[in-house]
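Source: prediction; values computed, not measured. Residues: numbered from 1 along the sequence shown. Computation of the quantities below employed the complete heavy-atom set of this structure, encompassing side-chain atoms and omitting hydrogens, waters and symmetry-equivalent molecules.
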Amino acid sequence: MPDQTMPSPATSPDAPEPRASSRALGALGCGGAALVGVFLLIGLLAWGSWASTDFPRVAPEEMANRALQRSQEAYSVMGFTRTIEPGVEKIGVSTENTLGSSFCYDGGLLGLKDETIDGAYSMSHRWALDHVPAGQAVPGLRHLRRFLQDEGWKVTSYREGERGGSWDLFVQRDDGNERMSFTWYPDREYFTGGASVPCAYDPEWKHGDVGPAGDDQRPPIFGPTPRD
């Protein structure tokens, strides 16, 4: 009787490969990590959007006075002593002393539509002087820069004009919610300054109100900060 050779066990075509299972688990792990990252990003953006609207409730008169105080302090540091009547006759030419109010925006969740926030506003004060010579503007602006840095302001831009160009100083603090800017035009001997303060909710705002709160504010006569 001839020898019989026992056939080797056949490999089932339906049997799963161990490596394929590992790849599947790996893919699931990467996908899960990606989903966690997406949800974390959404949460951070939602938090940022909420935080951007978490303003205090403060009357426009108080915020306008705060902007005025910032301007008065800078005005005094530069050594200006003239007083400026409220208003402006010709922008860029005459003296100026004005208050302004603007809307505040929610930042838009996930980069979507950026919308105004009901009842929120931001006050700003703008002033200007004519007939300001270099002997007053240059040392005054340099001194102001050093003073503001010592007071905790961040200088975001500073330029000493060359060949008759303008001199500029821009500062901010409180993550950019509070800003000031100053510019001197040598050719016209014209100096401008401005201060804006953080957003706030108007306690008296009600649905149906038109325009940003505080747009009816008018400044007093402007001048250096009173000294004791």
Side-chain angles (χ1 to χ4, degrees), residues 55-105 116-117 119-132 136-137 140-141 143-145 147-149 151-158 166-185 188-205 211-227:
F55 309 135
R57 298 177 63 83
V58 185
E61 295 85 356
E62 184 173 337
M63 296 306 284
N65 185 58
R66 181 172 170 179
L68 274 165
Q69 289 177 345
R70 297 286 180 267
S71 289
Q72 286 180 318
E73 182 177 48
Y75 194 81
S76 298
V77 169
M78 284 184 287
F80 294 132
T81 58
R82 294 162 56 185
T83 56
I84 310 174
E85 294 290 331
V88 55
E89 293 183 5
K90 191 173 182 180
I91 295 177
V93 177
S94 66
T95 60
E96 181 177 357
N97 172 20
T98 57
L99 282 170
S101 179
S102 59
F103 289 108
C104 295
Y105 295 84
T116 59
I117 304 171
Y121 68 96
S122 176
M123 295 297 305
S124 61
H125 176 255
R126 180 178 170 85
W127 57 271
L129 275 178
D130 54 0
H131 307 302
V132 180
Q136 186 175 28
L141 200 55
H143 179 52
L144 178 64
R145 179 193 181 190
F147 173 82
L148 292 177
Q149 286 180 313
E151 290 294 308
W153 291 82
K154 177 183 178 181
V155 175
T156 58
S157 179
Y158 177 72
S166 64
W167 289 55
D168 305 296
L169 171 62
F170 297 88
V171 299
Q172 67 176 39
R173 67 181 180 185
D174 189 21
D175 294 327
N177 291 317
E178 197 164 3
R179 300 171 182 267
M180 287 197 290
S181 62
F182 310 90
T183 300
W184 177 60
Y185 302 92
R188 293 182 282 138
E189 295 191 335
Y190 193 71
F191 200 107
T192 66
S196 63
V197 293
C199 291
Y201 286 112
D202 179 8
E204 297 185 2
W205 181 87
D215 59 355
D216 59 344
Q217 295 295 305
R218 296 294 178 267
I221 294 176
F222 178 74
T225 303
R227 301 291 182 177

Might you point out which heavy atoms bring [X] and [Y] nearest each other, and give the distance in Å?
| X | Y | result |
| --- | --- | --- |
| Met63 | Ala200 | CG-CB, 4.2 Å |
| Pro219 | Leu68 | CB-CD2, 4.3 Å |
| Tyr190 | Ala128 | OH-CB, 3.3 Å |

Residues which pass side-chain contact (heavy atoms from CB on, under 4.5 Å) with [X], listed by chain and number, not counting sequence neighbours:
| X | answer |
| --- | --- |
| Asp202 | Pro60, Tyr121, Glu204, Trp205, Ala213 |
| Ala120 | Phe55, Cys104, Ile117, Tyr201 |
| Asp215 | Ser101, Pro212 |
| Ser71 | His125, Trp127, Ala195, Phe222 |

Got a sec, which residues hit side chain to side chain donor-acceptor pair (under 3.5 Å) with Thr83, two or more places apart in sequence or on another chain? none
List in chain and number order the residues that pass side chain to side chain donor-acceptor pair (under 3.5 Å) with Ser181, two or more places apart in sequence or in another chain; answer none if no residue qualifies. none
Parallel, tilted or perpendicular: ring planes of Tyr105 versus Phe103, cut at 30 and 60 degrees: perpendicular
Under the salt bridge (Lys or Arg N to Asp or Glu O under 4.0 Å) rule, collect the residues that match up with [X], sequence neighbours excluded.
| X | answer |
| --- | --- |
| Arg179 | none |
| Arg188 | none |
| Asp174 | none |
| Arg145 | none |

Under a 4.0 Å N-O cut-off, is there an ion pair linking Glu178 with Arg66? yes
Approximate separation, where rounding is to 0.5 Å, of Trp153 CH2 and Met180 CE: 4.0 Å
Excluding sequence neighbours, so at least two apart, what forms ring pair (Phe, Tyr, Trp, His ring centres under 6.0 Å) with Tyr185? none
Using the salt bridge (Lys or Arg N to Asp or Glu O under 4.0 Å) rule, collect all pairs that involve residues 81-95, keeping only residues at least two apart or in two chains. Arg82-Asp130
